[in-house]
Amino acid sequence: MVASDFEFEFDGKECQDCGGKCCTGESGYIFATIDELIGVSEFLGTPFDELTQKYVRKVGYKFSFLEKKSIDGWACVFFDDGIKKCRIYDVRPKQCRDFPFWEGHKKNKIADGELQSLCQLCKGVKCTKIS
C-alpha cells in the first residue's frame, strides 16, 4: 500500500509474522473512541463499565487503553506476550488499524532518522523514498 503523503510503502502481509512490534516498546497512548470501546466490550463479552474500569484510562478528554510491562518494554493491555498477537485485533481502534500511516510519519514531519527507525521497527514498512 502506498499513501501519497508518506515517503514509504507498507505491506500489511508482513504483520502475520511480526510479533507485534507496533504493540510493544516505549510507553505511549493507545487511544480509542467511545464507540470503539463499546465494540471491544461486546467483542470480549465484558460489561462496558467493567472494561473501562479495568483496561482504560482517561487522558484529558480522550480514552487510552492501559499498558503493561512486556518482554519488549511496554505493551497494550490487550497484547498477548505468549502468542505475540493482539487479543482484540478484529475490533482494534483506528489508531492501531491506521499504523504506520500516522500524522507524525507524513512527509516533511518525519526526520530521516525517525523514518529509518520506523523501517527497522516494522518489517511491513518499505523504506524507499517515493517521488
Side-chain angles (χ1 to χ4, degrees):
M1 176 181 192
V2 177
S4 62
D5 292 344
F6 298 86
E7 294 183 350
F8 56 83
E9 295 178 7
F10 178 69
D11 181 358
K13 290 180 274 185
E14 296 285 352
C15 297
Q16 261 327 81
D17 303 316
C18 149
K21 290 190 181 358
C22 60
C23 301
T24 62
E26 294 181 26
S27 180
Y29 297 113
I30 308 109
F31 289 115
T33 66
I34 295 291
D35 287 341
E36 290 169 335
L37 294 174
I38 291 169
V40 172
S41 170
E42 291 171 353
F43 181 79
L44 294 175
T46 303
F48 182 80
D49 289 347
E50 184 180 328
L51 176 94
T52 56
Q53 289 172 8
K54 281 185 167 178
Y55 304 112
V56 177
R57 65 180 162 154
K58 194 165 188 228
V59 180
Y61 293 103
K62 296 180 179 183
F63 301 95
S64 175
F65 290 125
L66 296 175
E67 296 174 290
K68 63 181 181 177
K69 285 298 275 175
S70 170
I71 296 165
D72 299 314
W74 291 96
C76 173
V77 69
F78 293 111
F79 183 73
D80 185 322
D81 273 316
I83 61 171
K84 300 278 189 188
K85 301 238 184 234
C86 175
R87 292 186 8 234
I88 61 165
Y89 187 83
D90 292 340
V91 293
R92 69 197 186 282
K94 182 179 186 317
Q95 175 180 336
C96 301
R97 289 189 317 268
D98 286 353
F99 181 84
F101 297 107
W102 290 348
E103 186 69 24
H105 295 163
K106 284 186 172 181
K107 288 179 186 176
N108 303 323
K109 290 192 177 183
I110 189 168
D112 283 338
E114 292 174 79
L115 181 59
Q116 293 304 318
S117 293
L118 176 63
C119 293
Q120 290 172 355
L121 167 75
C122 178
K123 65 188 207 173
V125 173
K126 305 305 178 195
C127 228
T128 54
K129 291 203 176 194
I130 300 166
S131 4

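Starting from 1, each residue takes its place in the sequence as its number.
With sequence neighbours left out, the ring pair (Phe, Tyr, Trp, His ring centres under 6.0 Å) criterion links Trp102 to Phe99, His105. In this structure, Asp80 has no side chain to side chain donor-acceptor pair (under 3.5 Å) partners at least two apart in sequence or on a different chain. Applying the side chain to side chain donor-acceptor pair (under 3.5 Å) test to Lys94 and every residue at least two apart in sequence or in another chain returns Asp98. Taking the ring pair (Phe, Tyr, Trp, His ring centres under 6.0 Å) definition, one finds that Phe63 meets it with nothing, sequence neighbours left out. For the ring pair (Phe, Tyr, Trp, His ring centres under 6.0 Å) test, no residue two or more places apart in sequence or in another chain qualifies with Phe79. The side-chain contact (heavy atoms from CB on, under 4.5 Å) test applied to Thr33 returns Asp35, Glu36, not counting sequence neighbours. Residues passing the salt bridge (charged side-chain N to carboxylate O under 4.0 Å, His left out) test with Arg57 are Glu67, sequence neighbours excluded. Residues forming a side chain to side chain donor-acceptor pair (under 3.5 Å) with Gln120 (at least two apart in sequence, or on another chain): none. Evaluation of the ring pair (Phe, Tyr, Trp, His ring centres under 6.0 Å) rule for Tyr89 yields no partner, not counting sequence neighbours. For Glu14, the side-chain contact (heavy atoms from CB on, under 4.5 Å) partners two or more places apart in sequence, or in a different chain, are Asp11, Lys123, Lys126.
Crowding of Lys69 atom NZ: a count of heavy atoms from other residues, nucleotides or ligands under 6.0 Å exceeding 12. The number of heavy atoms from other shown groups lying within 6.0 Å of NZ (Lys62) does not exceed 12.
Considering every non-hydrogen atom in both Asp81 and Lys68, the closest pair reads OD2-CE, 4.3 Å. Closest of all the heavy-atom pairs between Leu121 and Lys21 is O-CD, 3.1 Å.
Atom-to-atom distance recorded for Arg87:CZ and Cys23:SG is 12.5 Å, nearest 0.5 angstrom. Interatomic distance, Phe8 CZ to Cys122 SG, rounded to the nearest 0.5 Å: 8.5 Å. Summarising the geometry, atom OH belonging to Tyr55 is positioned 11.0 Å from atom SG belonging to Cys76; distances are rounded to the nearest 0.5 Å.
At a threshold of 4.5 Å between side-chain heavy atoms, the hydrophobic network of Ile, Leu, Val, Met, Phe, Trp and Tyr places Ile34 and Val59 in two separate groups. In this structure, Tyr29 is not a member of the same hydrophobic cluster as Leu37, with clusters built from ILVMFWY side-chain heavy atoms closer than 4.5 Å. The hydrophobic clustering, which links ILVMFWY residues whose side-chain heavy atoms are closer than 4.5 Å, places Ile71 and Ile83 apart. Under the 4.5 Å side-chain heavy-atom criterion for Ile, Leu, Val, Met, Phe, Trp and Tyr, Phe31 and Val56 are members of distinct hydrophobic clusters.
With a 4.5 Å cut-off between side-chain heavy atoms of Ile, Leu, Val, Met, Phe, Trp and Tyr, the cluster of Tyr61 takes in none.
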Could you go through residues 39-51 and list every donor-acceptor pair under 3.5 Å that involves a side-chain atom there, pairing it with any protein atom two or more places apart or in another chain?
residue	atom	partner	partner atom	Å
Ser41	OG	Thr46	O	2.4
Ser41	OG	Phe48	N	3.3
Glu50	OE2	Lys54	NZ	3.3

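Between Trp74 and Thr24, every side-chain heavy-atom pair lies at or beyond the 4.5 Å cut-off.
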